[in-house]
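Throughout, a chain's letter reflects where its sequence line sits, starting with A, and its residues are numbered from 1. Side chains included, hydrogens not; waters and symmetry mates left out as well; all remaining heavy atoms used. These numbers were taken from a predicted model, which means no experiment stands behind them.
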Amino acid sequence: MSTQSTIYLDYASTTPVDPRVASKMMEFLTPDGEFGNPASRSHRFGWKADEAVEEARSHVSGLVNCDPREIVWTSGATEADNLAIKGVARFYKSKGNHIITSKIEHKAVLDPCRQLEREGFEVTYLDPNEKGVITPEVIKSAIQENTILVSIMHINNELGTVNDIEKIGNITRDNGILFHVDAAQSTGKINIDLKNLNVDLMSFSAHKTYGPKGIGALYVRRKPRVRLEALIHGGGHERGMRSGTLATHQIVGMGEAFRIANIEMESDCEKVSEYHEQFLKKVQEIDHVYINGDLKNKVPNILNVSFNFVEGESLIMGLKDIAVSSGSACTSASLEPSYVLRALGRKDELAHSSIRFSFGRFTNDDDVNNTLEILSNVVHRLRELSPLWEMHLDGIDLDTVEWKLH
Amino acid sequence: MAYSKKVVEKFENTINNPEAFKVGRFDPKELNVGTGMVGAPACGDVMKLQIKCEPKGNTHIIKDVKFKTYGCGSAIASSSELVEMLIGKTLEEAKAIKNIEIVEALELPPIKIHCSVLAEDSIKQAIEDYESKQ
């Protein structure tokens with residue numbers, strides 16, 4: 001075992017629960033706490049739990065400026081995405097059967113779309129531009145007479161690029177089409193003002209914003225009213241949209257995490273921006289480094305970098321004391337490079353060599369400095385080991401080589 | 001990660017001590033050097049293996065080996081493992097090496113077996129190149 005402590009730079013994957021959130025959650029579990037079922041209407045235990053759930057609901061709605069009654073608790077952003085997409089499609093199927101989404105969505109959006117295709121819906125998967133942005137123009141041109149739903153993410157989880165949901169919402173509203181936004185990466189990082197956006201459904205996750213895993217929410221607009229078919233039946237909780245006993249402690253955790261995010265968003269972002277600048281400057285001192293995404297239009301907590309001539313998974317293994325994500329899915333069953341980077345038109349080998357660094361509330365100077373030092377060292381060592389680097393130094397253009405496929 | 005301790009150790013030892021683990025290159029034009037290069041950057045791995053041989057009796061023996069690998073951790077570990085197996089072997093013995101020996105030595109997970117196949121291909125190609133020069 002290594003004695004070195006592990007540096008965590010994978011906040012876009014998940015965040016630790018803020019200790020303030022955890023201690024609040026503890027008040028809703030044990031016999032001396034408020035453990036009641038929020039649906040129990042006949043006694044104090046239920047009333048107290050219900051109060052806590054509603055307070056949490058108002059914290060969530062407060063962060064994104066909507067009515068608390070527009071928030072539906074789910075088990076996470078994946079369920080919220082499923083509920084929004086399948087729920088809307090199935091409810092409005094008599095109106096049309098066409099859905100628009102993009103190739104760089106999270107699997108929690110892509111897989112429900114694939115499922116709807118099996119059910120007879122038609123789905124258009126839009127290409128991003130080379131910066132990783134889905135422009136309002138491409139959405140406009142994809143709209144058909146039978147389009148009922150557009151689902152586009154706010155911030156891309158691999159690149160940190162930001163889509164213009166204000167402009168997209170204006171287009172969908174003008175065309176009488178519902179607009180769903182996956183905002184799992186947005187809360188606490190970027191301001192969301194649902195009262196002034198033409199967004200009809202929005203998915204949220206607690207664990208990307210220092211709350212617990214296993215809880216999320218779906219915003220469902222009341223005016224104009226959005227209807228959907230429930231996925232889970234059994235008691236009619238959450239106004240029939242999502243049955244099941246509410247997980248009070250999880251909900252309280254999400255509420256507290258979003259309440260804190262509302263207060264600390266600015267200072268969190270300021271700190272993370274400084275680390276981002278520092279990191280970017282140093283990483284660009286390494287030769288043949290490419291920044292994926294759009295530096296002018298992205299959140300500072302995510303930085304996606306390709307190190308040419310080095311394969312991503314080996315880089316991650318070399319960075320063993322640093323927790324980051326690889327754009328390459330080589331560690332999973334698919335052996336495919338990131339579909340997001342591929343959709344940007346990045347060459348496969350650059351997609352294979354990408355690493356996502358993501359910073360957060362508990363990142364410190366040592367984390368950043370130590371990572372930069374280890375990173376440049378490991379990239380150097382792996383290049384010394386790389387036949388591609390050797391060929392590059394010999395002046396061979398790798399694109400002209402005829403590779404012997406295996 | 002599903003990697004065995006052996007893969008991790010092999011990978012780390014190789015990148016931390018490249019010379020001892022035969023990372024490097026021979027001049028491919030030399031007559032006693034055979035070069036094999038397999039894989040493609042787009043697939044995520046490229047292995048380059050070079051053997052330096054000398055005649056012994058009516059066969060040739062591998063005196064030294066150099067390699068470079070671009071690829072995932074198990075691709076690097078697999079080439080390094082193969083290189084260790086090769087030194088001192090006759091070409092016939094080297095040709096007989098099967099990828100399963102690397103799989104077993106490193107306890108490769110099923111999804112990474114192609115790394116060992118790549119390693120086996122690289123030695124076959126290197127020997128072919130060497131023999132074509134004799």
Note: vs chain B, highest number of non-hydrogen pairs under 4.5 angstrom among A/Glu390, A/Glu384, A/Lys347, A/Arg383 is A/Glu390
Hey, what do you get for [atom1] ([X]) to [atom2] ([Y]), rounding to the nearest 0.5 Å?
X: B/Lys48; Y: A/Leu388; atom1: NZ; atom2: CG; value: 10.5 Å
X: B/Cys43; Y: A/His352; atom1: SG; atom2: NE2; value: 7.0 Å
X: B/Asp45; Y: A/Glu313; atom1: CG; atom2: CD; value: 10.0 Å
X: B/Ile15; Y: A/Met317; atom1: CD1; atom2: CE; value: 8.5 Å
X: A/Leu385; Y: B/Phe67; atom1: CG; atom2: CZ; value: 5.0 Å

Which heavy atom of [X] sits nearest to which heavy atom of [Y], and what is that distance?
X: B/Ala40; Y: A/Trp403; value: CB-CB, 3.5 Å
X: B/Phe11; Y: A/Gly318; value: CE2-N, 3.7 Å
X: B/Tyr70; Y: A/Ser386; value: CB-OG, 3.9 Å

Passes side-chain contact (heavy atoms from CB on, under 4.5 Å), A/Met391 versus B/Val46? Steps please. CA-CA 12 Å; A/Met391 291 164 88; B/Val46 176; 5.9 Å; no
Atom [atom1] of [X] with >12 non-hydrogen neighbours under 6.0 angstrom:
X: B/Glu93; atom1: CD; result: yes
X: B/Glu19; atom1: CD; result: no
X: B/Lys56; atom1: NZ; result: no

So B/Asn16 and A/Arg381, side-chain contact (heavy atoms from CB on, under 4.5 Å) or not? Walk me through it. CA-CA 8 Å; B/Asn16 289 332; A/Arg381 280 164 192 253; 3.2 Å; yes
Under 3.5 Å, is there a donor-acceptor pair between the side chain of A/Ser314 and the main chain of B/Gly71? yes
Considering only heavy atoms and a distance below 4.5 Å, find which of B/Gly73, B/Pro18, B/Gly24, B/Ser74 pairs most often with chain A. B/Gly73
Non-hydrogen atoms of chain A under 4.5 Å away: do they reach the side chain of B/Thr14, the backbone, both or neither?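 Side chain only.
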